[in-house]
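Okay, structure first, notes after.
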Amino acid sequence: MADSAPPQEAKRGRGGHRGGGRGGANKAGGGRGGKQAAFPGGPSTPKKEAILDMAKYMEKRVQVKFAGGREVTGILKGFDPLLNLVLDETEEQMYSNGQDGQAPGTLSTRQLGLIVTRGTSVILIAPVDGTEEIANPFI
């Protein structure tokens with residue numbers, strides 16, 4: 001068996017295995033910084049509790065304000081951890097800026113029905129029940 005191929009480790013040279021002993025497939029931790037800490041949410045870290053318990057607002061009317069100034073009111077049907085929302089019987093509240101022939105600040109609404117909103121654009125979520133609108137003290 002003198003003409004058999006040399007073992008794989010001899011072919012690879014210094015490292016003796018993939019990655020050359022510097023990270024890569026190295027079982028000792030890999031990457032930069034050696035041994036890696038436990039990943040977030042792993043066995044050594046306690047589970048984070050949500051700041052806002054959205055489940056108590058399910059099937060209730062909520063008002064949602066978005067980046068860019070849009071406001072809608074609808075019945076919360078579903079949500080996820082990223083605050084993507086499903087709202088039913090939704091209506092958008094639009095305030096006139098005076099350029100459409102109406103007095104500035106005039107409120108008009110339009111029906112949207114069932115909508116899915118993207119959580120990255122949600123600025124505020126407030127329950128409609130138990131809140132009341134007051135006059136703006138700054139005008």
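Atoms considered below: every heavy atom in the structure, side chains included; atoms not considered: hydrogens, waters and symmetry mates.
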Which atoms form the tightest heavy-atom contact between [X] and [Y], and what is the distance?
{"X": "Ile123", "Y": "Phe66", "result": "CG1-C, 3.6 Å"}
{"X": "Leu76", "Y": "Tyr57", "result": "CB-O, 3.6 Å"}
{"X": "Thr117", "Y": "Val122", "result": "OG1-CG2, 4.3 Å"}

*When rounded to the nearest 0.5 angstrom, what distance separates CG in Leu107 from OH in Tyr95?*
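Here the rounded value is 5.0 Å.
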
*Ile75 side, atom CD1; Asp88 side, atom CG - distance, nearest 0.5 Å*: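 Answer for the CD1-CG pair, Ile75 versus Asp88, is 6.0 Å.
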
With sequence neighbours excluded, what pairs up with [X] under the side-chain hydrogen bond (donor to acceptor under 3.5 Å, both in side chains) test?
{"X": "Thr90", "result": "none"}
{"X": "Thr106", "result": "none"}
{"X": "Asp129", "result": "none"}
{"X": "Lys77", "result": "Glu59"}

*Quick one: does Gln111's side chain get under 4.5 Å of Glu89's, heavy atoms only?*
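No; the side chains remain at least 4.5 Å from each other.
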
_Positive for side-chain contact (heavy atoms from CB on, under 4.5 Å) with Ile115, one of Leu87, Leu85, Val64_ =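 Of all the options given, the one that passes is Leu87.
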
Could I get the full list of side-chain contact (heavy atoms from CB on, under 4.5 Å) partners for [X], not counting sequence neighbours?
{"X": "Ser108", "answer": "Met94"}
{"X": "Gln63", "answer": "Lys65, Glu71, Thr73, Val128"}
{"X": "Asp80", "answer": "Leu82, Asn84"}

*For Lys60, which residues count as a salt bridge (Lys or Arg N to Asp or Glu O under 4.0 Å) partner, sequence neighbours excluded?*
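By the salt bridge (Lys or Arg N to Asp or Glu O under 4.0 Å) rule, Lys60 matches no residue at all.
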
*In chain order, what residues pass the salt bridge (Lys or Arg N to Asp or Glu O under 4.0 Å) check against Arg70, with sequence neighbours excluded?*
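Salt bridge (Lys or Arg N to Asp or Glu O under 4.0 Å) check on Arg70 returns Glu92.
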
*Does Leu114 sit in a hydrophobic cluster with other residues, and if so which ones, taking ILVMFWY side chains as linked at heavy-atom separations under 4.5 Å, directly or through other members?*
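Val86, Val116, listed by chain and number.
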
